[in-house]
Amino acid sequence: MTDLQPICALGQSAPHARRIGALLLSENTALGLASLAMRRGAEPPQIGLPLPGPGGWVDGADCAAFWTGPDQWMVEFPGRAAEDVATALTARAPGCSVSEQTDGFVAFEIEGDTFPLLALISRLVNIDLGRFPPGSATRTGFHHMSVFVIRRAEDRMAILGMRSAAASIWHGLTEAAERLEALT
């Protein structure tokens with residue numbers, strides 16, 4: 001009998017990363033995720049950061065959150081994918097519904113100068129980037145899939161999609177980045 005070994009969403013033992021021109025694309029395998037929903041009549045949860053409204057993403061000391069629907073958020077725990085982040089979030093948000101999401105999603109981080117970063121995103125998703133400053137998040141279509149796009153900073157964005165679509169998302173990202181690089 002062989003020992004089971006963990007693999008990343010793209011099927012390798014180590015996360016993918018690739019520099020294409022001024023852009024760095026990387027698979028973020030360390031991101032823990034949990035969904036949070038307020039129950040009817042519940043007090044707003046105090047999780048250590050103000051929960052954002054529609055279209056918002058907020059970064060805190062040990063977690064970040066983005067709005068996914070009325071009284072619903074996805075909470076990110078950087079560097080904590082191997083932990084039970086749902087239990088940790090439940091302790092902070094008693095009376096709320098919490099479910100583990102880490103293994104259901106893949107996160108790809110995109111870093112680079114603002115112009116190529118925005119040029120890449122504009123080729124991939126239908127977002128008005130003039131109204132998508134740092135601290136923004138939305139759900140949108142990406143090729144034939146639904147993804148979350150987060151503007152983490154002026155020079156950093158993330159795309160979160162279903163783990164089962166990881167290879168398709170990575171292919172779309174790298175193909176668009178290569179085409180963009182060929183134009184420069």
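Residue indices begin at 1 and follow the sequence shown.
- Put simply, NE2 on His16 and CG on Asn28 are 14.5 Å apart, with the number rounded to the nearest 0.5 Å.
- Counting heavy atoms of neighbouring residues, nucleotides and ligands inside a 6.0 Å radius, atom CD of Glu83 exceeds 12 of them.
- By the neighbour-count criterion of 12 heavy atoms within 6.0 Å, atom CD of Glu178 is densely surrounded, having more than that number from other residues, nucleotides or ligands.
- The two residues Val85 and Gly32 have their closest heavy-atom pair at CG2-C, 4.2 Å.
- Taking the side chain as every heavy atom from C-beta outward, Ile110 and Leu24 never approach each other to under 4.5 Å.
- Separating the CZ atom in Arg80 from the CG atom in Asp62 is a distance of 6.0 Å, to the nearest 0.5 Å.
- The closest side-chain donor-acceptor pair between Thr102 and Glu100 falls under 3.5 angstrom.
- In terms of hydrophobic clustering, with Ile, Leu, Val, Met, Phe, Trp and Tyr side chains grouped at heavy-atom distances under 4.5 Å, Phe105 and Ile169 are assigned to different clusters.
- For Arg179, the salt bridge (charged side-chain N to carboxylate O under 4.0 Å, His left out) partners two or more places apart in sequence, or in a different chain, are Glu175.
- By the criterion of side-chain heavy atoms lying less than 4.5 angstrom apart, applied directly or through intervening Ile, Leu, Val, Met, Phe, Trp or Tyr residues, Val98 is grouped together with Trp67 in one hydrophobic cluster.
- One N or O on the side chain of Arg151 and one on the backbone of Glu154 form a donor-acceptor pair closer than 3.5 Å.
- Cluster membership for Ile159 and Leu23, using ILVMFWY side-chain heavy atoms within less than 4.5 angstrom, is shared.
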Worked verdict on Thr174 versus Arg18 for side chain to side chain contact (heavy atoms under 4.5 Å, CB included): CA-CA 8 Å; Thr174 57; Arg18 184 163 172 213; 3.8 Å; yes

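- For Leu49, the side chain to side chain contact (heavy atoms under 4.5 Å, CB included) partners two or more places apart in sequence, or in a different chain, are Ile47, Leu51, Val58, Cys63, Ala65.
- Hydrophobic clustering of Ile, Leu, Val, Met, Phe, Trp and Tyr side chains at less than 4.5 Å, counting indirect connections, keeps Leu160 apart from Met145.
- For the atom pair CG of Leu129 and OG1 of Thr114, the computed distance is 11.5 Å after rounding to the nearest 0.5 Å.
- Taking a 6.0 Å sphere around CG of Asn126, one finds it holds 12 or fewer heavy atoms contributed by other residues, nucleotides or ligands.
- Minimum interatomic distance between Val147 and Gly161 (heavy atoms only, all atoms of both residues): CG1-CA, 4.1 Å.
- Counting all heavy atoms, side chain and backbone alike, Ser35 lies closest to Met74 at N-SD, 4.1 Å.
- A donor-acceptor distance shorter than 3.5 angstrom exists from the side chain of Asp84 to the backbone of Thr87, with no hydrogens or angles considered.
- Within the 3.5 Å criterion, the main-chain N or O of Thr68 finds no donor-acceptor partner in the side chain of Trp73.
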Stepwise side chain to side chain contact (heavy atoms under 4.5 Å, CB included) check, Ile121 with Met157: CA-CA 9 Å; Ile121 296 299; Met157 296 183 86; 3.4 Å; yes

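- Under 3.5 Å, the side chains of Arg39 and Ser97 contain a donor-acceptor pair of N or O atoms.
- Identified under the ring-ring contact (aromatic ring centres under 6.0 Å, His included) test for residues 113-164, with sequence neighbours left out: Phe66-Phe148.
- Connection of Phe108 to Val125 is established within a shared hydrophobic cluster, with ILVMFWY side chains joined at heavy-atom distances below 4.5 Å, either directly or through further cluster members.
- At a threshold of 4.5 Å between non-hydrogen side-chain atoms, the residues Asp113 and Asp155 do not count as touching.
- Atom CG of residue Leu120 and atom CG of residue Leu25 lie 6.5 Å apart, to the nearest 0.5 angstrom.
- Between the side chain of Glu27 and the main chain of Ala9, a donor-acceptor pair closer than 3.5 Å is present.
- A 4.5 Å side-chain heavy-atom check between Arg139 and Ser146 finds at least one atom pair inside the cut-off.
- Annotation for Phe77 and Ala34: closest pair CE1-CB, 4.5 Å, computed over non-hydrogen atoms.
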Worked check of side chain to side chain contact (heavy atoms under 4.5 Å, CB included) between Arg123 and Leu180: CA-CA 9 Å; Arg123 285 168 169 74; Leu180 181 63; 3.6 Å; yes

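- Comment: Glu76 engages Arg152 in a salt bridge, judged by a side-chain N to carboxylate O separation of less than 4.0 angstrom.
- Two residues are said to be in side-chain contact when any heavy atoms from C-beta on lie closer than 4.5 Å; Leu33 and Val75 fail this criterion.
- Atom OG of Ser122 sits about 11.0 Å away from atom CG of Asp128, to the nearest 0.5 Å.
- Across all their heavy atoms, Gly21 and Arg19 have their closest contact at O-CG, 3.5 Å.
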Pair Val106-Met162, side chain to side chain contact (heavy atoms under 4.5 Å, CB included): steps then yes or no: CA-CA 6 Å; Val106 63; Met162 299 309 299; over 6 Å; no

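- Taking all atoms of both residues into account, the shortest heavy-atom contact from Ala137 to Gly56 is CB-O, 3.8 Å.
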